[in-house]
Peer 1: 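To start, I am sharing the structure in question, which I have written as structure tokens.
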Amino acid sequence: MMGRDWRVAGGVRRRLVVAAATMMTAAVVVGVIPGPMASAAAQEARQGGTLSIILQPEPVTLTPSTNMAQPTQVVAGNIFDGLVTYDFELKPKPALAERWEVAPDGLTITFHLRSGVKWHDGQPFSAADVKWSLENVWKTIHPRNKSLFENVTQVDTPDEATVILRLSKPSLPILSVLNGVGAPILPKHLYEGTDVLNNPYNNKPVGTGPFVFKEWKRGEYVELTRNPDYWEAGKPHLDRLLFRMIPDAAARAAAIEKGEIQYAPYNPVPFRDAERLAKLPRLKVDTRGYEWLSPLLYLDFNVENQYLKDVRVRRAIAHAIDRAALAKIVWFGYAKPAISPVPSSLVTFHNAKLPQYPFDVKKAEALLDEAGLKRDANGVRFTLTHDFLPYGDDYRRTGEFLKQALKRVGIEVTIRSQDSAAFIKRVYVDRDFDSAISYNNAFPDPQIGVVRAFWSGWLGTGTPWTNGSGYRNPKADALIQAAGVEGDPAKRVAQFNEFQDIVLGDVPSLPLLELNFFSVYSADLQGIVEQGDQVYSSLKNARFVDAPKGN
Amino acid sequence: MLTYLRRSAAQVVFVLLGIALINFFLLHLAPGDAAQVLAGESGAATPEYMEALRRQFGLDQPLYVQFLRYLGNLVTFDLGYSFRQSLPVSELILQRLPATLLLMGTAIGFALVAGCSLGFLAARRAGKLTDTVISIVALLFYATPVFWVGIMLIVVFSVMLDWLPVGGMTSVEANLSGLALVGDVALHLVLPAVTLGLFYLAIYARLMRAAMLEVYGQDFVRTARAKGVRPRRIAWRHVLRNALLPIVTTLGVQLGSILGGAVLVETVFSWPGLGRLAFAALFQRDLNLLLGILFCSSVVVVLVNIAVDLVYTLLDPRIELN
């Protein structure tokens with residue numbers, strides 16, 4: 001986007017003017033780019049330009065070492081490279097690690113690092129940075145990795161380009177979190193000996209990634225510029241990334257429609273607007289790039305509730321909900337019915353052959369009758385209160401949909417709303433709820449994002465997003481713990497298959513939908529969605545092309 | 001006058017202490033704390049991580065210790081530290097203050113001038129077509145939700161006509177400086193200031209009209225008329241000046257709300273003001289920051305109240321400070 005003078009030209013013409021101006025200011029103009037983009041190479045791709053991106057809400061910090069909130073990671077993925085990135089099948093691809101080996105017994109993992117990589121302040125990147133980050137961040141204060149790395153007993157760095165993890169027990173899920181935000185490598189020379197939580201570099205991060213932090217104007221924008229010394233020659237293509245905070249959804253839609261914003265990840269606008277924007281030739285709506293997250297919408301039952309402690313009641317509720325209709329009506333098709341707590345995008349672990357709870361009102365009624373919960377004179381069997389995740393209207397409407405569905409089988413539901421701090425306290429600390437709608441990211445390995453909802457080990461600690469239902473099953477617990485330290489991938493798959501069977505049978509938490517988050521971006525952009533962890537990865541492949549493609 | 005100010009100063013100290021006390025305990029009634037919010041946003045947490053956060057935020061201390069610490073800070077004019085944003089609260093407030101002052105100043109200035117003029121006009125033509133039109137327009141602006149007006153203005157003037165930017169305070173992507181930057185900020189200011197201004201305008205117009213009509217009915221106006229003073233002179237010299245008192249009162253109230261800003265308008269137009277900061281702080285349980293903003297707002301309210309008292313005596317010499 002250039003100066004205001006261009007505003008007289010509207011629509012497509014305006015974008016052409018902008019693209020031309022971008023070309024003039026660009027340092028280098030590249031022609032044909034080889035590789036996967038070859039098919040699009042007929043359009044002239046440009047080097048340079050500023051990409052304006054929506055960032056919502058405003059991040060707390062820009063370093064993903066202690067804060068895993070979505071906006072932090074959207075920015076940080078461009079600043080911090082990880083050891084690996086993930087393709088659409090969630091297989092690791094080389095990044096800072098050129099290759100790696102897992103010993104047959106699973107007790108040693110060796111990473112061979114790329115040489116010649118520099119931190120943004122010019123210091124060389126080396127194995128010592130990885131070792132320091134693992135020992136002082138991933139193993140200690142990182143909110144998610146602590147349990148994954150706890151079996152790492154020793155980190156050896158025989159030379160500057162080799163990192164060897166020695167484990168007391170195998171820990172295969174480690175290989176699923178090694179991207180820039182999942183296991184961020186911090187510059188040892190800036191962090192060693194400081195309080196990591198309060199280090200000033202958390203807000204002016206120094207990484208090795210394709211973009212360099214320039215400025216964070218609170219309430220307005222975060223600005224990153226091109227890293228001229230990036231290890232991958234010729235990348236990134238863009239000169240500048242501008243992450244702008246636009247708190248109002250309607251204003252976001254207007255900014256996207258007007259072209260002030262060219263890339264907007266993470267459901268930036270309501271579904272209805274997404275439908276409308278997707279029809280504009282200048283824009284694209286894309287649901288790829290979230291595979292690494294694999295978000296799952298679920299309904300937690302408080303198993304201490306006098307009615308819900310009966311598994312027949314939980315199963316009845318499962319039968320009473322038409323998940324296909326929920327996906328279509330409430331989520332506008334940006335979701336599909338979930339058949340297991342392990343989403344289908346986790347291809348290796350997802351068990352598609354589990355016994356299901358098909359939508360069947362009669363069966364639901366029969367189960368409730370069997371549980372001894374008869375309808376009273378008003379046709380009501382019992383009453384539940386429903387708390388929904390206060391992350392927007394979609395969750396509230398999901399609650400309203402469930403209310404209608406359960407009314408048909410004689411369960412009266414009251415919907416209760418609150419802000420997120422109150423929701424977390426109510427569900428995970430006070431456990432003062434009947435049922436709650438929420439979502440978790442599964443991540444590529446169930447050990448990371450799925451089992452926390454069923455493991456009883458964290459019950460009573462008030463930890464958010466861990467086992468809200470209050471479920472305790474020694475068999476499930478044993479499987480979770482065994483899979484965590486199993487070195488044989490095939491055995492882990494078998495363990496998780498059994499685990500899925502048990503928890504779906506007990507159904508303390510009912511998987512509702514596999515959500516499809518979406519991004520909106522300008523049609524004259526290329527290389528925006530390149531991998532399975534794209535939304536938390538870098539935009540080093542993104543660039544403007546000459547003319548918008550018709551779609 | 002001096003006695004008045006001295007006595008006010010003493011009262012101010014007590015009022016502010018009371019406000020600090022109420023704010024602090026009221027905010028701590030809200031369920032959930034900052035560590036939970038942070039852990040919740042992260043989508044994961046370990047008990048150790050939450051504990052580390054609470055230690056860092058000082059949330060592991062008993063409430064009274066937290067309060068005494070907060071009071072101690074206030075007495076030394078230190079608003080505390082926002083752990084969430086990793087910046088001192090005063091710095092955060094000062095960063096946002098210019099944007100808020102600019103927006104509220106422009107909006108209230110526009111509303112005051114336009115609103116009072118319309119109200120004046122309506123009162124002079126009371127019962128005629130002009131009056132009806134002005135009254136209806138004012139009622140519409142008053143009754144329409146501010147955020148809706150804002151979004152409609154965006155749709156018309158930004159998206160459809162492409163005259164004005166959708167939001168924000170500057171065109172960051174353009175790297176402007178000097179006069180170009182001033183012009184750019186002015187462009188960005190138009191829609192939010194008008195949106196907010198229209199609401200205030202309605203209030204001033206209604207108030208002005210009512211106040212003037214009331215003064216018109218008083219004896220001294222009748223006397224002036226009987227003496228043959230020209231209507232225009234009566235309106236300006238006799239009526240307007242007396243009708244300004246309620247306007248000043250309302251203006252005082254609204255100036256007091258400056259620090260709180262206008263959450264809705266700032267949200268719709270992505271304006272980097274204090275209102276949005278306070279709103280976010282509440283949802284994130286960033287209590288130090290929220291307390292800081294509330295405290296500063298209280299100070300402004302108290303000071304503006306004193307100023308309003310002083311302006312009263314200027315407008316109407318019969319009013320005395322005692």
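Reminder, nothing fancy here: chain letters follow the sequence lines and each chain counts from 1.
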Peer 1: Could you list the donor-acceptor pairs under 3.5 angstrom formed between side-chain atoms of residues 242-249 of chain A and any protein atom two or more places apart in sequence or on another chain?
Peer 2:
unit_1: A:Asp248; atom_1: OD2; unit_2: A:Ala250; atom_2: N; d: 3.2
unit_1: A:Asp248; atom_1: OD2; unit_2: A:Ala251; atom_2: N; d: 3.0

Peer 1: With the side chain counted from C-beta on, respond yes when A:Val196 and A:Ile141 share a heavy-atom pair under 4.5 Å apart, and no when they do not.
Peer 2: yes
Peer 1: Near B:Phe67 CZ, under 6.0 Å, is it more than 12 heavy atoms from other residues, nucleotides or ligands?
Peer 2: yes
Peer 1: Heavy-atom pairs under 4.5 Å with chain A - which of B:Asp286, B:Val159, B:Val37 has more of them than the others?
Peer 2: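 Ranked by contacts with chain A, first place is B:Val159.
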Peer 1: Using side-chain heavy atoms (C-beta onward) and a distance below 4.5 Å, is A:Asn203 in contact with A:Trp216?
Peer 2: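 Yes - at least one pair of side-chain heavy atoms lies under 4.5 Å apart.
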Peer 1: With a 4.5 angstrom heavy-atom cut-off, which part of B:Leu87 approaches chain A: side chain, backbone, both or neither?
Peer 2: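 For B:Leu87, the contact with chain A is made by the side chain alone.
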Peer 1: Donor-acceptor check, side chain of A:Gln447 to backbone of A:Pro173, threshold 3.5 angstrom: yes or no?
Peer 2: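 It does not hold such a pair.
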Peer 1: Using heavy-atom distances under 4.5 Å, tell me whether B:Val268 contacts chain A through its side chain, its backbone, both, or neither.
Peer 2: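 The answer is both parts of B:Val268.
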Peer 1: Non-hydrogen atoms of chain A under 4.5 Å away: do they reach the side chain of B:Gln95, the backbone, both or neither?
Peer 2: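 Only the side chain of B:Gln95 comes within 4.5 Å of chain A.
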Peer 1: If you count heavy-atom pairs under 4.5 Å with chain B, which of A:Asp430, A:Ile448, A:Asn198 comes out on top?
Peer 2: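 Top count of heavy-atom pairs under 4.5 Å with chain B: A:Asn198.
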Peer 1: Between A:Arg416 and A:Asp387, does any side-chain N to carboxylate O distance fall below 4.0 Å?
Peer 2: yes
Peer 1: Is it the backbone or the side chain of B:Leu277 that comes under 4.5 Å from a heavy atom of chain A, or both, or neither?
Peer 2: neither
Peer 1: With a 4.5 angstrom heavy-atom cut-off, is it the side chain or the backbone of B:Met50 that approaches chain A, or both, or neither?
Peer 2: side chain
Peer 1: Between A:Thr72, A:Asp195, A:Asn202, A:Leu197, which has the largest tally of heavy atom pairs under 4.5 Å with chain B?
Peer 2: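 Heavy-atom pair counts peak at A:Leu197.
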Peer 1: Minimum heavy-atom separation for A:Ser438 and A:Tyr428, please, with both atom names.
Peer 2: OG-OH, 4.4 Å
Peer 1: Most heavy-atom pairs under 4.5 angstrom with chain B, which of A:Ile424, A:Thr61, A:Asn441?
Peer 2: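 Winner by heavy-atom pair count: A:Ile424.
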Peer 1: Which region of B:Gln56, side chain (C-beta onward) or backbone (N, CA, C, O), has a non-hydrogen atom less than 4.5 Å from a non-hydrogen atom of chain A, or is it both or neither?
Peer 2: side chain
